[in-house]
Amino acid sequence: MKLFRLCTIAICALALCTISCSDGEDGTDGIDGIEGKDGDNGSNGTNGVNGQNGQDGVGFDELTKFGDITVQLVGTRPDDEPFSDSKTYRFAPVEAGVLNSTNDVQIFPFGGGATYQFQIARFYANPDDIHNDNFISFYILINNVGEEDESLLNATITINNHAVIDDGKFFIMNDFFSSGMPNTLIPEFEFSDMAFDPDTNHLSFAYRLLATADGNSSENDLTVTGAVDVTLLEQIPLPDDE
């Protein structure tokens with residue numbers, strides 16, 4: 001009898017266990033906890049020591065110390081669009097083989113005065129026979145420069161490999177202008193305010209020319225103006241040349 005009662009109690013306990021382990025509904029989520037505070041920023045480290053300054057790069061002082069030439073071209077492009085282009089030519093070759101044709105003055109006695117021969121060329125970039133061949137050059141033969149009886153004997157201007165870049169397009173100017181050219185090609189060719197100091201060989205002047213369509217690379221009427229402000233060199237003749 002006591003054994004039967006113990007078995008009955010065990011069966012009832014097992015049944016209660018089974019009922020309590022059956023799936024029930026999940027409870028409501030609890031409230032989120034409070035966010036913690038950000039930590040304090042650490043102290044900045046000490047700045048490092050500045051490095052030593054590097055050496056200055058090699059400049060172009062030797063090539064630009066003899067002065068420059070400015071030029072302004074105003075006209076119409078080959079595609080009939082108007083243009084205006086300005087450049088400053090600063091670089092003078094310094095190798096011996098070209099000095100007498102790019103930065104040279106020669107003075108010859110003439111009556112009671114003198115005849116001056118000026119040969120000047122300046123490049124747009126560092127001169128190079130192949131890659132940087134954009135230059136403007138002058139040849140001028142003149143009597144008694146700066147005097148009341150000054151007279152121009154001959155003059156030429158050469159513009160070589162000059163790129164006019166305008167409105168996303170470009171064309172190239174390769175032109176030779178001479179005071180001896182017919183008026184039908186060069187109706188105006190003049191120099192003004194010409195001054196030369198024989199003690200320093202400093203030469204300055206302004207220039208202006210008009211070229212018709214047949215007389216320049218743009219194939220339209222062209223106005224060329226500018227100024228020259230240069231210091232020239234006078235070659236010392238060798239004894240055998242005198």
Is a side-chain donor or acceptor of [X] paired with a backbone partner of [Y] at a separation under 3.5 angstrom?
| X | Y | result |
| --- | --- | --- |
| R77 | D166 | yes |
| R90 | F66 | no |
| N201 | T231 | no |

Exercise for the section: Working to the nearest 0.5 Å, report the span between CZ of F189 and CG of L152. Expected result: 7.5 Å
Practice task
Indicate, with yes or no, if the rings of Y116 and F108 have centres closer together than 6.0 Å.
Solution key: no
Exercise for the section: Determine, using ring centers only, whether F138 and F205 are less than 6.0 Å apart. Expected result: yes
Practice task
Run through L73, V74, V164, T223 and flag the one making a side chain to side chain contact (heavy atoms under 4.5 Å, CB included) with S84.
Solution key: V74
Handout entry: The single option from T158, N216, L185 passing side chain to side chain contact (heavy atoms under 4.5 Å, CB included) against F177
Key = N216
Handout entry: Closest contact, heavy atoms only, S137 versus F135
Key = OG-CE1, 3.9 Å
Fill in the blank from the handout: Here the pair of heavy atoms bringing A227 nearest to Y207 is N-CE2, 3.4 Å
Practice task
Would you kindly say whether N144 and D149 are connected by a side-chain donor-acceptor distance under 3.5 Å?
Solution key: yes
Problem - Any donor-acceptor N or O pair under 3.5 Å, side chains H202, D229 - result: yes
Within the 4.5 Å heavy-atom criterion, are [X] and [Y] side-chain neighbours or not?
| X | Y | value |
| --- | --- | --- |
| V105 | L233 | no |
| N160 | D133 | yes |
| E219 | T76 | no |
| Q106 | F118 | no |
| M181 | I186 | yes |
| H162 | D85 | yes |
| F123 | P93 | yes |

Exercise for the section: State yes or no: do I136 and Y139 share one hydrophobic cluster built from I, L, V, M, F, W and Y residues joined by side-chain heavy-atom distances below 4.5 Å, directly or via other members? Expected result: no
Problem - hydrophobic_cluster_shared for I140 and I107, side chain cutoff 4.5 Å - result: yes
Exercise for the section: Take atom CZ of F176 as the centre, draw a 6.0 Å sphere, and report whether it contains more than 12 heavy atoms from other residues, nucleotides or ligands. Expected result: yes
